[in-house]
**Q** 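Structure in structure tokens, see below.
Note that this is a predicted model, so its numbers are computed, not measured.
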Amino acid sequence: MMSVTHPAMCKRVALRHSLGLIALSTLAPVLDVTTWTFPIISLSINLYISYLAARFYYKGDRNSARKLFFCSLWHLPMLLLLALTCKKYSRSQEDTALLTLTPAAK
């Protein structure tokens, strides 16, 4: 509905959120959620959706809006799947206690 009443705001929000995804993807390994391969691999798909958002921002026509929409349908599931595969696993306290108690670990 906002695209009809406030088209300029719709363009700004699309561009801002697509650029924010690059920052959030970079923040994930800093917070120990994923490994550092996640922002490197996800950069290409994030740059692609940012390119489409910038094109929508400058052109604002129906074709660029449709391309951005269809890209968003596969972008977020792919980003979440990539985050799942690059997930950083932490050891539980029991595992670390067992490693320190076993003589083979020394």
**Q** Answer with yes or no whether the hydrophobic clustering places Leu15 together with Leu52; edges join I, L, V, M, F, W, Y residues whose side-chain heavy atoms lie under 4.5 Å apart.
**A**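 No, Leu15 and Leu52 fall in different hydrophobic clusters.
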**Q** For residues Leu19 and Leu21: do they belong to one hydrophobic cluster (side chain heavy atoms under 4.5 Å, members Ile, Leu, Val, Met, Phe, Trp, Tyr)?
**A** no
**Q** Is a side-chain donor or acceptor of Thr26 paired with a backbone partner of Pro39 at a separation under 3.5 angstrom?
**A**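 Side chain of Thr26 to backbone of Pro39, a donor-acceptor pair under 3.5 Å: no, none is there.
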**Q** Just jot down the side-chain contact (heavy atoms from CB on, under 4.5 Å) partners of Arg16, sequence neighbours excluded, or say none.
**A**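 Counting only residues at least two positions away or on another chain, Arg16 forms a side-chain contact (heavy atoms from CB on, under 4.5 Å) with Val13.
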**Q** With a 6.0 Å cut-off (strictly less than), is the heavy-atom count around NZ of Lys88, excluding the residue itself, greater than 12?
**A**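 More than 12 within 6.0 Å, yes.
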**Q** Side-chain heavy atoms nearer than 4.5 Å, only ILVMFWY residues, links allowed to pass through others: does that put Ile22 and Phe38 together?
**A** no
**Q** Evaluate the criterion side chain to side chain contact (heavy atoms under 4.5 Å, CB included) for residue pair Ile41 and Trp36; output intermediate values, then yes/no.
**A** CA-CA 9 Å; Ile41 296 171; Trp36 280 100; over 6 Å; no
**Q** Kindly give the heavy-atom pair with the smallest separation between Ser18 and Ser50, and that separation in Å.
**A** O-OG, 3.3 Å
**Q** Any link between Trp74 and Leu79 through a network of hydrophobic side chains (Ile, Leu, Val, Met, Phe, Trp, Tyr) touching at under 4.5 Å?
**A** yes
**Q** Is Leu68 reachable from Tyr48 through a run of I, L, V, M, F, W or Y residues, each pair having side-chain heavy atoms under 4.5 Å apart?
**A**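 In one cluster: yes.
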**Q** Atom CD1 in Ile45, atom CG in Leu43: separation rounded to 0.5 Å?
**A** 9.5 Å
**Q** Looking at every non-hydrogen atom in both residues, tell me the closest pair between Lys59 and Ser64 and how far apart they are.
**A**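 That would be CB-OG, 4.2 Å.
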**Q** So which atom in Cys86 and which in Thr37 form the shortest heavy-atom distance, rounded to 0.1 Å?
**A** SG-OG1, 3.5 Å
**Q** With a 4.5 Å limit on heavy-atom distance, are the side chains of Tyr51 and Asn46 in contact?
**A**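 They are not in side-chain contact.
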**Q** Supply the atom-to-atom distance Leu82 CG to His75 NE2, rounded to the nearest 0.5 angstrom.
**A**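 So the gap between those two atoms works out to 9.5 Å.
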**Q** Would one find more than 12 heavy atoms of other residues, nucleotides or ligands at under 6.0 Å from atom OH of Tyr57?
**A**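 Not buried by this count: 12 neighbours or fewer within 6.0 Å.
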**Q** So, do Tyr89 and Thr35 sit near enough that their side-chain heavy atoms are less than 4.5 Å apart?
**A**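 Counting from C-beta outward, Tyr89 and Thr35 never come under 4.5 Å.
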